[in-house]
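Working notes for the structure below.
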2 protein chains.
Amino acid sequence: MKTNPHVKRQQQLHQILKQERLNALALNPGPDLSYLTGLDFHLMERPVLGLFRSGQNPVLILPELEMGKLADLPFSIQSFPYGEDRSTWPRAFENAFLQAGLRKGRVGIIPRRLRVLELRFLEAAASNLDFVDGQKAMSTLRILKDQHEIKSMQKAADVAQHAFQAIRPLIKPGITEKEIAAALVSSLFDEGSDPGLPFFPIVSFGSNSANPHAMPTDRPWDERQLVLIDWGATVDGYYSDITRTWRTGDVDKELLEIAKVVQGANQAGREAVQPGILCSEVDRRVREVIEKSGYGEYFIHRTGHGLGREAHEEPYIASDDHTPLKAGMTFTIEPGIYLPGCGGVRIEDDILVTEGGCRSFTDLPRELRVL
Amino acid sequence: MKTNPHVKRQQQLHQILKQERLNALALNPGPDLSYLTGLDFHLMERPVLGLFRSGQNPVLILPELEMGKLADLPFSIQSFPYGEDRSTWPRAFENAFLQAGLRKGRVGIIPRRLRVLELRFLEAAASNLDFVDGQKAMSTLRILKDQHEIKSMQKAADVAQHAFQAIRPLIKPGITEKEIAAALVSSLFDEGSDPGLPFFPIVSFGSNSANPHAMPTDRPWDERQLVLIDWGATVDGYYSDITRTWRTGDVDKELLEIAKVVQGANQAGREAVQPGILCSEVDRRVREVIEKSGYGEYFIHRTGHGLGREAHEEPYIASDDHTPLKAGMTFTIEPGIYLPGCGGVRIEDDILVTEGGCRSFTDLPRELRVL
C-alpha cells in the first residue's frame, strides 16, 4: 500500500525537527500547513494554528465552523476548536499546548508567514517556550520535489503557455494592460488552472515595463511599445511563473539591443545549472553577461527564486544564497534590463535541476518576437 | 482645489494617533497602506514598511526595485530603499527610524496583517519602542465610508450581481462546483471587476454546502441538491460579498424549511439596522429568529462582518462587538443554517447604514428560487 503523501511528509519532518533541535513547529494556514496536511483555510481574523511534534499526531487549533474540513483525513489529528466568542480563543491555545505536552523548549515558526496575531496567542499560551525561526526545517523538507510534484509543475507550465497562446490573437493596438490581464486570467482557468493563481498577471506596456512589479493599468497599447507579460498557473497546488516580452513592429533600437542581451543572460543561466553548482554562482554567470554589455546597473534584481507551492521560495538564485544545487530543486531564471522611462525586457523560465544538468518546464520562444 | 484623498486620510490619521497616544503607526503592504497612500506591493520575502507620524511626511522602507512606484505621488515621502543583499536590510530599518526621530514611545502595528518577518526588523531597529496593537486607530479611520467609497461598493455589488446573471444559464445538472466557480470568475472580470477579487467564489452542492468555507470540488451537480454560491467583485479597491442558495427541482422538505427561516433571519437583520443600535443587538435579533425555529445550534457563525477594502473588517455583527452603528458603516448580514451531511442555506447581503436606517447594495431575490 502506498503511504499517503501527507503522512510521509509528517514522518520526514519528525527527523528534521530532531536535526534542527526543535520540539515542535507551529504553522498558520498557507503552503507549509497544506504541504503537511492537505488542509486549506482562509487567513482572516480567526487564527488557525497547526503544531507538529516528533513522532506524535498533529495538533490543530481552529474555529468550530471549520471543523467540517477535518472529516475524512487519512491521519489522526488532535483538534482544539473555539467558538465565535473571542474571549475563549486564548483558552483553546492554552489547552492545545497543555495536551501537546509542550511546556519548555524551542518551537519553530515561519517569520514570513506567521502573523503577529498568532504569535501573540502563542506567546500568551506558552510563556516558557522559545519561538525561533523554523524556516530551515520547512525548506529542507520542501526544497527537493518528488516525481508527483514535478509532474504538477510541468502541467502548471503547460497550462500557462497554452493559456497565453489562446489569447495571443487578442493583443492588438488599443487593448489595455488590464484587458489583457483579465483575458489571460479567464484563459488560465479555461486551460485547467486551479482556483488560486500564483499571482495576478503583470502586463506592462512601454515605460511601465521598466517597473519589474508593475500593476496593469487602463493605458492602451500603441504599436511602438514593448509588451511584457509575467504570468503563471496553478495545478494541484503547484505554480508556474513565466515572463516573455514582445513587440509588434518597430521599436527603439536600444530596446532590441537589451532584448538580445537578456536572452543571452537567460541562456547562460540555464547552461550553468547542474548539481553541485552554487546558486550564487548561477547568479554571477547571468549577471556577468549583462555587465559585459554595459547594462549591469539596469539589472536591478536577483536572477531568480525557488518555485513550487509558493511563487517565491527557497532556493534564491542570488549573490547571497550559497546553496549547492541538487537534482529535484526547482526555481526561476529571470534576468531583466529596465531602462527608466523607456521600457524593460525580462525573460523568465521555470527550471528543474536534473542529474545531468537541467530541464526547463517553460519553452515559449525567448527572442523579442513580433506579436 | 480638492484635497487628494490619500493626503486627507493622512491628515485625519494624525488626529487619531494623538487620541490613541501613538507616536507612529507601522504598516506593511495591504489595505491599510493602500488606503493611506494608494501604494500596492506584493507581500513576499522582501519586507516593505510604511511609518506614519503626526504632522510629518510618511516614511517608507522598500526594495530598490520597487522605487518606480514612488514616482508621481501627490505627497512627499521619505524613502529608505535597500538592495538585494539581505545583510543590508536591517540598516535600512535603522536609518528609517533614526531619520524619523523615533527613539522611544508607542508604535502601533496591525496584528492580523503584520508578519513576524517585519516585527523582527522593527524590534531590532528600535529596541526602545513599544510595538502595540494599533488596530483601533486604523479602524476608526476606515470604518466610516465616504461618498466615493460608497459609490465604489455599490458598483462592486452591481458587478457581482451582473456577473452571476450572465452565467446563470450555464448551471445545469452535470456541471461541477469548480466549473461554476471558474465561469463566475471570468464573468466577474468581463463585468468590470478589478484584478484582485475579494476571494475565490465558494460554490457548494448538497452536503458540501453544510461547510460554510467549502472549497469548490470536481463533484457534479445532481438536480435534487441545493447549490450555494458566495462570491464578490472588486471596484476601485472596494469589495462586494454576496451569497444566495438555489435549487432546480424537488429537494428535501427540511431544506425548504431552513431556507424560509434563513430568509426571515436575513430580513430581521436588515430591519434592525439603524444608527445607534449595537452590532451585538443586530446579531441577537437575527439569531433569535433562527433559535425560535429550533435550528439555533446549526447557525454556527456570527451574523456578519464589516466590508470595504477587506473581505472581513470592522465592525463585526457578533455577540461580542458592541460598536453602536453609525451612518456610513458597511457590513454583511449573512445568517445561515448548516445541516451536516445534508446541506446548508446562507443568504448574505451588503448593507450600508444610512441616517434613516439602511440600504442594501445587493438585491438579488432572496428566496430559494428554482434555477
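Every chain is numbered from 1 and lettered A, B, ... according to where its sequence line falls, protein lines coming before strand lines.
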Greatest number of heavy atom pairs closer than 4.5 Å to chain A - which of I300(B), N211(B), D321(B), L65(B): L65(B)
Winner by heavy-atom pair count (cut-off under 4.5 Å) against chain A, out of R120(B), K178(B), M67(B): R120(B)
Within residues 301-314 of chain A, residues adjacent to chain B where the heavy-atom gap is under 4.5 Å: H301(A), R302(A), A311(A), H312(A)
ring-ring contact (aromatic ring centres under 6.0 Å, His included) against Y82(A), all qualifying residues, sequence neighbours excluded: W89(A)
Partner chain B: residue of M44(A), R112(A), E45(A) with the largest heavy-atom pair count (under 4.5 Å): E45(A)
Contact origin within E66(A) toward chain B - heavy atom pairs under 4.5 Å: side chain
Under 4.5 Å from any heavy atom of chain B - which part of L197(A): neither
Option that, when pairs with chain A are counted at under 4.5 Å, heavy atom only, ranks first among H42(B), E179(B), K69(B): K69(B)
Cation-pi check, R287(B) onto F299(B) ring (under 6.0 Å, within 45° of axis): yes
Side-chain heavy atoms of V159(B) within contact of T234(B), under 4.5 Å: no
Options F41(A), Y316(A), Y338(A), F131(A), ranked by heavy-atom pairs under 4.5 Å with chain B, top entry: Y316(A)
Closest-packed option against chain A by number of heavy-atom pairs under 4.5 Å, given E64(B), E84(B), R113(B): E84(B)
Pair listing, salt bridge (charged side-chain N to carboxylate O under 4.0 Å, His left out) test, anchored in residues 188-200 of chain A, at least two apart: none
Gap separating the CD1 atom of I110(A) from the CG atom of L33(A), nearest 0.5 angstrom: 11.0 Å
Close approach to chain B in residues 180-188 of chain A, criterion heavy atom under 4.5 Å: A182(A), V185(A), S186(A)
Lys/Arg N to Asp/Glu carboxylate O, D130(B) vs R106(B), below 4.0 Å: no
